[in-house]
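Accompanying notes for the structure given below.
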Amino acid sequence: MAIYLNDVSRTFGEYLLIPGLTTKQCIPANVSLKTPLVKYRPDAAPVISLNIPFVSAIMQAVSGPELAIELARNGGLSFIFGSQPVVNQAEMVRKVKKFKAGFVTSDSNLKPDNTLADVISVYNRTGHSTIGITDDGSPNGKLLGLVTSRDYRIEKDDHNMKVQDFMTPMEKLIVGKSGISLSDANQILWEHKLSSLPIIDENGNLQYFVFRKDYDSHRENPCELSDSDKKLLVGAGINTRDYKERVPALIEAGVDVLCIDSSDGYSEWQQETLQWIKQNYGEKVPVGAGNVVDGDGFRFLADAGADFIKVGIGGGSICITREQKGIGRGQATAIIDVARERDRYSKEKGLYIPICSDGGLVHDYHMTLALAMGADFLMMGRYFARFDESPTKTLRIGNNYVKEYWGEGSNRAQNWQRYDIGGAETLKFEEGVDSYVPYAGKMKDNLDVTLGKIKATMCSCGAVTIPDLQKNSKITLVSSTSIVEGGAHDVILKEKS
């Protein structure tokens with residue numbers, strides 16, 4: 001006879017937070033959303049912490065390099081989708097790591113005998129207006145000059161004109177030498193009112209560029225998630241089939257953290273994957289695992305070596321796993337159960353393993369509820385798919401603008417590895433749908449509003465950190481009638497002009 005659980009499978013929409021004492025210190029400016037991404041012991045800090053508790057879902061329709069860059073600039077982290085060839089995924093990781101490195105390796109270079117037409121071609125291909133002119137046209141050749149958009153006029157100048165005739169030659173350039181600190185390089189930029197500073201070695205070979213815009217960008221994004229070299233952090237999704245080829249390529253590309261992407265993480269396939277990575281790379285790269293929905297699944301993956309564990313099966317807006325297979329659990333109940341086991345495990349082993357709530361977030365306040373119930377951070381797909389930075393098309397349907405959004409379990413994604421149950425069989429039925437989400441504009445504008453709501457709610461609960469919220473918040477179940485009461489009711493709403 002099957003084991004029956006007494007707990008009702010509940011969603012975030014069935015709960016509300018009870019206000020706590022809001023002290024004078026509980027103001028949004030004092031709220032810290034910093035949270036651990038990977039496991040740690042009480043006497044040591046996590047190797048990676050997020051500055052905001054958001055990561056983007058491992059999905060084709062969500063986590064490309066553009067979104068990964070923008071989310072890291074705002075304090076979160078993306079997991080580049082793994083349902084693509086290894087070489088393509090690795091290149092996306094490289095693109096993120098190159099974007100903001102303080103010292104940026106140039107990928108836009110030409111030789112002196114190239115033409116203005118070549119300059120325009122490079123700009124159209126890369127979007128970079130600063131082009132290093134080296135003796136061999138390579139990123140590390142001998143620096144001979146520099147071309148920027150101020151050196152030519154597309155409409156008037158002859159496109160056959162040689163680069164050497166309009167570039168700024170080496171003798172007129174201000175450069176930095178290898179070994180210079182980023183702080184000193186930025187000081188030179190400011191003193192000489194430069195937009196870029198080439199860095200050369202003792203033989204005059206180009207090594208890096210330091211850009212003024214990167215300094216300004218960092219100042220505008222104080223929560224930016226970057227390493228000691230000012231490179232943005234980025235994650236990547238892997239599967240339990242080709243990990244022996246995929247993981248080395250991603251590590252070589254500079255990935256900071258990996259996550260096994262599966263609809264059901266409570267499996268020996270994930271155990272073997274985790275063990276292989278740990279045996280071959282030790283702690284060089286953290287690896288998350290999942291998804292699970294109960295304490296047994298959490299403990300299995302924790303013992304297998306997972307650095308964080310994702311929670312949630314069937315709660316995503318495009319996921320139909322529960323409908324198709326009849327497995328899963330209400331996301332709120334799953335988080336509460338797994339968080340309870342996480343805390344027990346931490347006391348037993350002296351090791352705190354963060355959990356990630358993946359799915360089931362319909363409204364912004366659900367995010368705060370998930371954190372209060374024990375989630376350390378949240379993985380979201382639909383939320384990020386709406387923004388300019390997601391990789392999908394913006395379409396107009398009727399009078400509305402939308403973006404395409406499809407599940408990894410849909411036929412469109414062709415990501416059968418995510419639903420792998422062993423053997424030679426591939427995906428026989430869909431566990432995700434192909435859909436649209438309302439277009440919402442730029443990520444930062446929306447993110448600021450969402451984070452503002454989370455901070456305001458935390459203040460109402462008397463908490464200024466996520467651990468405070470988890471320790472002290474009070475949560476109550478709500479009836480269907482009180483849910484209706486919580487919205488606008490018994491009034492005639494005015495139409496918005």
Side-chain angles (χ1 to χ4, degrees), residues 50 52-85 88-100 127 217 221 223-225 232-237 255 257 259 261 310 312 315-319 356-364 366-367 377-397 400-415 418 432-451:
L50 302 169
I52 62 171
F54 290 177
V55 299
S56 66
I58 309 169
M59 300 176 68
Q60 296 171 9
V62 179
S63 294
E66 288 77 17
L67 188 131
I69 288 167
E70 188 63 15
L71 184 52
R73 292 175 70 195
N74 284 278
L77 182 134
S78 285
F79 287 91
I80 300 295
F81 66 93
S83 49
Q84 61 177 320
N88 293 0
Q89 188 185 22
E91 186 55 37
M92 287 186 178
V93 169
R94 287 193 186 91
K95 186 172 182 178
V96 179
K97 299 304 291 185
K98 286 179 180 180
F99 174 79
K100 171 92 172 54
S217 172
N221 295 280
C223 289
E224 185 177 86
L225 192 65
L232 297 178
L233 300 192
V234 63
V255 75
V257 58
C259 184
D261 183 31
K310 288 205 293 145
S317 60
I318 40 68
C319 184
C356 167
S357 179
D358 179 15
L361 301 169
V362 180
H363 303 293
D364 286 356
H366 290 173
M367 301 174 190
F377 58 98
L378 318 173
M379 176 172 279
M380 296 180 288
R382 180 189 60 85
Y383 180 85
F384 290 113
R386 305 171 301 146
F387 303 144
D388 286 329
E389 294 83 1
S390 75
T392 63
K393 297 177 181 177
T394 302
L395 306 171
R396 183 173 179 175
I397 297 180
N400 299 311
Y401 285 95
V402 298
K403 295 206 75 173
E404 294 181 298
Y405 181 45
W406 60 93
E408 289 296 298
S410 66
N411 281 329
R412 179 172 182 174
Q414 292 293 305
N415 185 14
R418 188 176 197 274
V433 299
D434 197 344
S435 64
Y436 301 110
V437 288
Y439 169 66
K442 293 184 179 298
M443 178 196 294
K444 187 173 180 59
D445 296 339
N446 291 272
L447 200 57
D448 287 346
V449 173
T450 298
L451 296 176

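Side chains included, hydrogens not; waters and symmetry mates left out as well; all remaining heavy atoms used.
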Specify the closest pair of heavy atoms between [X] and [Y], including all atoms of both residues, with the distance to one decimal.
{"X": "Met367", "Y": "Thr450", "answer": "SD-CG2, 3.5 Å"}
{"X": "Arg382", "Y": "Val362", "answer": "NH2-O, 3.2 Å"}
{"X": "Gly235", "Y": "Leu77", "answer": "N-CD2, 3.8 Å"}
{"X": "Ser83", "Y": "Gln60", "answer": "OG-NE2, 2.9 Å"}
{"X": "Ala68", "Y": "Val96", "answer": "CB-CG2, 3.7 Å"}
{"X": "Ala57", "Y": "Ser63", "answer": "O-OG, 2.5 Å"}

Check whether any side-chain N or O of [X] sits under 3.5 Å from a backbone N or O of [Y] as a donor-acceptor pair, and report yes or no.
{"X": "Ser357", "Y": "Leu378", "value": "no"}
{"X": "Asp261", "Y": "Gly82", "value": "no"}
{"X": "Lys97", "Y": "Leu232", "value": "yes"}
{"X": "Glu389", "Y": "Met443", "value": "yes"}
{"X": "Glu70", "Y": "Lys442", "value": "no"}

With respect to Phe387, which candidate in Val62, Asp445, Leu71, Asn446 satisfies the side chain to side chain contact (heavy atoms under 4.5 Å, CB included) definition? Asn446
Considering only heavy atoms from C-beta outward, does the side chain of Ile52 approach that of Leu447 to under 4.5 Å? yes
Non-hydrogen side-chain atoms of Met59 and Phe384 separated by less than 4.5 Å: no
Report the distance from atom SG of Cys223 to atom CZ of Arg73, rounding to the nearest 0.5 Å. 13.0 Å
Rounded to the nearest 0.5 Å, how far apart are CG of Leu233 and CD of Glu224? 9.5 Å
Hits for side chain to side chain contact (heavy atoms under 4.5 Å, CB included) against Thr394, two or more places apart or cross-chain, chain-then-number order -> Tyr401, Lys403, Tyr439
Determine, stepwise, if the pair Leu361 / Tyr383 fulfils side-chain contact (heavy atoms from CB on, under 4.5 Å). CA-CA 9 Å; Leu361 301 169; Tyr383 180 85; over 6 Å; no
For Arg94, give me all partners under salt bridge (charged side-chain N to carboxylate O under 4.0 Å, His left out), at least two apart in sequence or on another chain. Glu91, Glu252
